[in-house]
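None of the values given here were measured: they were computed from a predicted structure.
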Amino acid sequence: MTSRTVKPFYNPPDLLVKQLRSALLIRRLTGWSKLPWWTTQAGKIFQIAAGCQGVGCFGYPVHPVWEVTSQCNLTCDHCHARGGEDQKADELTTDEGKTKVIDRLADVADFKTLVFSGGEPLVREDIFELIAHAKMRGFYPLIATNATLITPEVAERLKRAGLLGIAASIDSMKDEVHDSFRKMKGALKLAKEGIANASAEGMYIQINITASKMNRDELPDIIAFADELRAHVILLYQFIPCGRGEDSSQLEFDANEFRDEILQAGAIQRDLHPVIAPVGLPEYWALHNVINNGGRPTDVLRGCICGNGMFYIKPNGDVWPCAFVPISAGNLRTTTPREIWDRSELFVKLRDRNNLKGICKECAQREICGGCRARALAHTGDLFGEDSKCSLTPEERRSEQS
């Protein structure tokens with residue numbers, strides 16, 4: 001059976017309306033002054049955010065992410081995939097990747113963007129072929145990368161294959177700190193060169209930062225670097241003790257530190273060109289909504305998108321509801337993406353926030369936050385448990401204006 005071709009980002013038109021509403025709401029919540037510049041980049045942004053139904057964790061729902069390999073040229077301390085370790089991941093073959101992943105993902109109407117992740121996707125020899133196949137199916141392809149392997153020649157090949165952009169990881173502006181965290185001397189220098197090479201090809205640029213106690217004081221400097229690059233989006237990941245991160249749990253913020261980060265990032269956003277989109281911190285939008293929007297409900301703030309906007313495919317075809325939630329809802333070798341997305345018990349249950357427990361269940365902001373499910377699982381062992389590191393006060397959790 002031949003899969004359909006993905007509909008373009010402007011079909012249906014209401015997706016563009018939701019993207020515009022999302023941008024306007026960000027301006028209202030943070031006083032963002034650079035929206036006019038951002039609109040000049042709409043040609044790239046609308047394609048990358050294809051299928052965007054609002055603002056949530058991981059930037060936007062809805063999009064699938066395929067961890068094409070757990071292998072990596074680095075062994076970063078925080079890696080949820082334990083990239084670079086000697087793992088027998090039973091990776092999907094090139095043919096399986098085309099027919100059981102890409103072709104069948106195209107059968108899910110909500111999916112338009114496809115992110116290739118890892119490990120490091122560029123260590124997989126067939127990555128250019130897989131990107132080209134995704135592009136042929138109508139997807140808007142992006143890679144999440146440490147950027148150290150993007151030479152000018154690789155950047156040109158990626159562009160020729162149909163790649164629209166990169167999401168590159170920078171965790172410190174100090175060589176010794178970034179390189180130590182990534183376990184390779186020269187990693188920061190190579191990453192900067194790789195980003196420049198991708199930018200020279202006219203690609204969309206996203207900077208990924210993992211915020212932790214290691215680099216807490218550096219966040220403004222890293223964000224300033226992304227701004228100078230005229231990156232389009234900054235994904236501000238939170239350190240979550242899962243994968244190899246379990247061995248460095250002391251790096252995770254506490255509730256007060258999360259709150260400080262939210263307020264600091266919101267203040268920086270006012271004069272920033274890219275949009276800051278926290279990952280693993282749905283409280284970011286909830287707190288700004290309470291402070292600057294009276295806690296009013298809005299359908300474009302989606303909060304945690306675990307199973308409700310994220311479709312995370314592991315190298316062996318297992319599908320997780322989030323990159324940081326190691327629970328399989330099925331395997332693409334035996335089950336189609338549409339079956340998992342539409343009918344899996346795990347995904348369906350995650351979409352009903354009446355299933356949440358503790359402070360998350362009672363919170364007036366639960367529909368635009370929902371607490372971080374990955375953090376709840378890591379700390380309580382219960383995917384639906386409360387996010388005990390919530391940075392809202394009890395009064396703010398009760399704040400709702402009809």
Side-chain angles (χ1 to χ4, degrees), residues 3-24 26 34-56 58-66 68 101-103 105-117 121 127-128 130-145 147 150 155-168 195 197-208 226 229-235 273-277 279 300 302 305 309-311:
S3 296
R4 70 178 182 89
T5 300
V6 176
K7 290 182 180 179
F9 67 90
Y10 48 80
N11 188 354
D14 70 328
L15 291 175
L16 296 180
V17 174
K18 287 182 178 178
Q19 289 185 48
L20 180 58
R21 288 177 57 210
S22 298
L24 291 173
I26 292 171
K34 300 299 183 181
L35 178 58
W37 172 85
W38 216 59
T39 59
T40 68
Q41 306 297 305
K44 295 177 182 178
I45 293 168
F46 279 178
Q47 292 182 71
I48 291 294
C52 172
Q53 298 179 14
V55 182
F58 277 97
Y60 60 91
V62 173
H63 65 286
V65 177
W66 178 15
V68 294
V101 180
I102 297 171
D103 288 352
L105 285 173
D107 290 328
V108 182
D110 286 331
F111 297 165
K112 296 178 183 290
T113 297
L114 177 56
V115 181
F116 294 90
S117 182
I127 189 63
F128 304 99
L130 293 171
I131 290 169
H133 191 78
K135 183 66 173 178
M136 183 269 292
R137 280 290 174 218
F139 282 108
Y140 299 96
L142 180 76
I143 64 167
T145 172
I150 305 179
E156 192 276 333
R157 286 188 69 189
L158 289 169
K159 182 73 172 182
R160 188 159 18 104
L163 192 76
L164 294 184
I166 66 168
I195 294 166
N197 292 333
S199 182
E201 290 292 334
M203 292 187 191
Y204 160 97
I205 301 296
Q206 174 180 302
I207 299 300
N208 291 352
L229 287 175
R230 291 299 182 263
H232 300 90
V233 170
I234 297 170
L235 281 197
H273 291 84
V275 168
I276 297 174
V279 175
V300 297
R302 302 286 293 275
I305 63 170
M310 173 57 65
F311 189 90

CA sep, side-chain torsions, deciding dist, call: I26, I276, side-chain contact (heavy atoms from CB on, under 4.5 Å): CA-CA 10 Å; I26 292 171; I276 297 174; over 6 Å; no
Please determine whether side-chain contact (heavy atoms from CB on, under 4.5 Å) holds for the pair V275 and I234, giving the CA-CA distance in whole Å, both sets of side-chain angles, and the decisive distance to 0.1 Å. CA-CA 6 Å; V275 168; I234 297 170; over 6 Å; no
Applying side-chain contact (heavy atoms from CB on, under 4.5 Å) to L15 and Y10, what does each step give before you reach the verdict? CA-CA 7 Å; L15 291 175; Y10 48 80; over 6 Å; no
Go through the steps for L105 and W66 under the test side-chain contact (heavy atoms from CB on, under 4.5 Å), then give the verdict. CA-CA 11 Å; L105 285 173; W66 178 15; 5.8 Å; no
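Y60 contributes a side-chain N or O that, together with a main-chain N or O of I48, makes up a donor-acceptor pair within less than 3.5 Å. Using a distance-only test at 3.5 Å, with no hydrogens or angles considered, no donor-acceptor pair links the side chain of H232 to the main chain of Q206. Between the side chain of K112 and the backbone N or O of Y140 there is no donor-acceptor pair closer than 3.5 Å. Put simply, the side chain of S22 gets close to the backbone of K18: a donor and an acceptor are under 3.5 Å apart. Between the side chain of Q41 and the backbone N or O of W37 there is no donor-acceptor pair closer than 3.5 Å.
Using a 4.5 Å heavy-atom cutoff, the side chains of D110 and Q53 are in contact. Side-chain contact check for R157 versus L163: every heavy-atom pair is 4.5 Å or farther apart. Put simply, the side chain of K135 reaches to within 4.5 Å of the side chain of L164, judged on heavy atoms. A heavy-atom distance below 4.5 Å is not found between the side chains of I143 and V115. A 4.5 Å side-chain heavy-atom check between F9 and I45 finds every atom pair outside the cut-off. The shortest side-chain heavy-atom distance between R137 and L114 does not fall under the 4.5 Å cut-off. Taking the side chain as every heavy atom from C-beta outward, L130 and V101 never approach each other to under 4.5 Å. Using a 4.5 Å heavy-atom cutoff, the side chains of L20 and L16 are not in contact.
Using cut-offs of 30° and 60° on the angle between ring planes, the pair F58 and H63 is perpendicular.
Separating the CD1 atom in I150 from the CE atom in M203 is a distance of 7.0 Å, to the nearest 0.5 Å. Note that NZ of K34 and OG1 of T40 are 11.5 Å apart. Values are rounded to the nearest 0.5 Å. Between L229 atom CG and H273 atom NE2 the span is 12.0 Å, to the nearest 0.5 Å.
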